[in-house]
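Since this is a predicted model, take the numbers as computed values, not measurements. For the numbers below, each heavy atom of this structure counts, side chains included, while hydrogens, waters and symmetry mates do not.
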Amino acid sequence: MDNPTIGIRIANGTFFPILKEDDRAKKRLVLSPVKEKQKDVKIDIFRGEGEGMYDPVYVGSLILNNINHKGGKVPDIELLISVSDAGILDVQASEPISGVKQFLSVSLDSIDSNIDFYNTQDSGDSVDAPRFSSDFDEDPGMDNEDEESEEARWGYDAEKDNKKKKTTKIAVIVLIVLLLLLLGFLIFTLIAKPALAKRAEQRAAESAVAVVPEAREPERAAPVAVPQPEPVRAAEPEPAAVAEPTPAEPERTAEYIRYRIVWGDTLWDISNTFYRTPWLYRRIARDNNIRNPDRIYAGNWLIIKAE
């Protein structure tokens with residue numbers, strides 16, 4: 001043969017080329033059984049002319065028995081083929097999960113010298129051969145005997161594989177976006193939100209300090225006494241004195257004290273004055289229906305209940 005090629009015979013009876021005899025790189029294929037729950041697999045090795053495997057000559061077979069079918073998955077059968085510098089063809093078939101292995105080592109010179117013997121050998125069909133698709137991709141990234149490998153998988157559907165890759169890519173993008181959103185939420189919750197809350201508290205405290213006083217009510221003029229008609233033989237009465245404004249002194253009773261707020265007062269100070277502790281300022285606010293204890297107005301009256 002001018003261009004001898006080593007390959008295998010697959011389930012449909014055709015031949016699949018694996019490597020040329022002058023190629024020193026180790027080739028790797030992944031095969032699977034033809035039938036469901038098939039326990040035994042036979043791999044027939046042939047030698048043919050060119051990539052079309054013309055005039056194939058049977059070289060030998062590897063038989064794997066009791067391969068693993070647990071877990072509901074189709075087992076993968078790994079096939080490694082290489083040709084040494086001395087012209088020795090080495091073939092290894094294995095099923096990794098069950099650990100079943102078979103080896104075949106043949107001198108290519110012996111095939112040439114005993115071509116009639118190999119042509120008369122019957123590979124037999126008692127054990128089903130494996131199957132795989134006709135797509136067999138070269139892997140240019142592999143070199144040397146133990147570094148180069150090639151993989152062929154059966155039933156390969158390029159369109160389905162592309163859809164699967166596209167779906168996986170979209171899922172990865174969505175996952176990344178969700179992770180970024182989650183990271184942003186965590187940053188806001190742990191850093192930004194406390195800072196905004198603290199800033200709001202500072203603003204509330206500043207606004208509470210600056211209490212705007214309410215304009216005082218204009219003081220009412222004291223009533224003037226109306227002169228009575230002059231009686232006969234009575235002296236002219238003296239005009240009545242004008243009433244003085246009532247001082248803003250606290251009005252005390254047994255139950256409460258009525259106090260008028262002046263400029264500068266706070267509920268804190270008023271509580272400290274009447275209750276001898278500033279911490280009852282909220283009680284004064286509650287008794288007088290004051291929503292914001294920090295905001296009171298001069299001129300208003302407060303009811304300070306007795307302790």
Side-chain angles (χ1 to χ4, degrees), residues 1-36 38 40-65 67 74-84 87-96 100-108 111-112 115 118-143 145-161:
M1 296 183 183
D2 296 332
N3 188 20
T5 302
I6 303 299
I8 62 173
R9 184 174 65 179
I10 57 179
N12 59 7
T14 60
F15 297 92
F16 184 82
I18 299 176
L19 82 165
K20 297 179 180 179
E21 289 188 6
D22 57 357
D23 190 352
R24 294 296 177 261
K26 181 180 293 186
K27 304 295 181 178
R28 175 177 176 269
L29 281 80
V30 177
L31 313 173
S32 66
V34 177
K35 300 177 181 179
E36 186 179 357
Q38 179 179 330
D40 303 321
V41 172
K42 182 180 180 182
I43 303 173
D44 294 327
I45 309 298
F46 282 82
R47 183 191 192 203
E49 178 71 23
E51 295 183 357
M53 293 288 293
Y54 302 110
D55 299 327
V57 177
Y58 173 74
V59 176
S61 298
L62 298 95
I63 299 177
L64 300 179
N65 302 112
I67 60 177
V74 178
D76 288 339
I77 299 172
E78 184 181 74
L79 185 68
L80 299 175
I81 300 181
S82 63
V83 178
S84 66
I88 304 299
L89 172 65
D90 290 316
V91 185
Q92 173 185 314
S94 62
E95 195 279 300
V100 179
K101 291 184 179 181
Q102 281 290 316
F103 301 90
L104 175 66
S105 184
V106 179
S107 173
L108 298 177
I111 297 176
D112 292 332
I115 188 67
Y118 283 97
N119 277 329
T120 58
Q121 297 301 306
D122 183 8
S123 61
D125 295 320
S126 59
V127 182
D128 290 321
R131 65 180 177 185
F132 61 97
S133 73
S134 58
D135 297 323
F136 185 76
D137 298 329
E138 294 288 338
D139 187 355
M142 305 296 291
D143 56 9
E145 181 177 353
D146 293 329
E147 295 179 357
E148 182 167 347
S149 66
E150 297 175 346
E151 181 173 349
R153 297 192 178 272
W154 316 295
Y156 176 77
D157 188 340
E159 183 178 356
K160 183 177 180 180
D161 187 60

Taking side chain as C-beta onward, heavy atoms only, is Val57 less than 4.5 Å from Val59?
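No, too far: nothing below the 4.5 Å cut-off.
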Counterpart residues, salt bridge (Lys or Arg N to Asp or Glu O under 4.0 Å), relative to Glu78 (two or more places apart)
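Partners of Glu78 by the salt bridge (Lys or Arg N to Asp or Glu O under 4.0 Å) criterion, ordered by chain and then number, come out as Arg28.
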When rounded to the nearest 0.5 angstrom, what is the spacing between [atom1] in [X] and [atom2] in [Y]?
{"X": "Met53", "Y": "Ile6", "atom1": "CE", "atom2": "CD1", "answer": "7.0 Å"}
{"X": "Ile18", "Y": "Thr5", "atom1": "CD1", "atom2": "OG1", "answer": "10.5 Å"}
{"X": "Asp76", "Y": "Leu29", "atom1": "CG", "atom2": "CG", "answer": "12.0 Å"}
{"X": "Glu95", "Y": "Leu64", "atom1": "CD", "atom2": "CG", "answer": "8.0 Å"}
{"X": "Arg47", "Y": "Glu21", "atom1": "CZ", "atom2": "CD", "answer": "3.5 Å"}
{"X": "Asp44", "Y": "Ile63", "atom1": "CG", "atom2": "CD1", "answer": "8.0 Å"}

How would you list, by chain and number, every residue that makes a side-chain contact (heavy atoms from CB on, under 4.5 Å) with Val91, sequence neighbours excluded?
Ile45, Leu62, Leu79, Ile81, Leu89, Leu104
Step-by-step side-chain contact (heavy atoms from CB on, under 4.5 Å) determination, Arg24 to Val83:
CA-CA 6 Å; Arg24 294 296 177 261; Val83 178; 3.6 Å; yes
side-chain hydrogen bond (donor to acceptor under 3.5 Å, both in side chains) involving Gln102 - partner list, sequence neighbours excluded:
none
[X] versus [Y], closest heavy-atom pair with distance:
{"X": "Phe15", "Y": "Pro17", "result": "O-CD, 3.8 Å"}
{"X": "Pro75", "Y": "Pro33", "result": "O-CD, 3.6 Å"}
{"X": "Ser105", "Y": "Asp90", "result": "OG-OD1, 2.8 Å"}

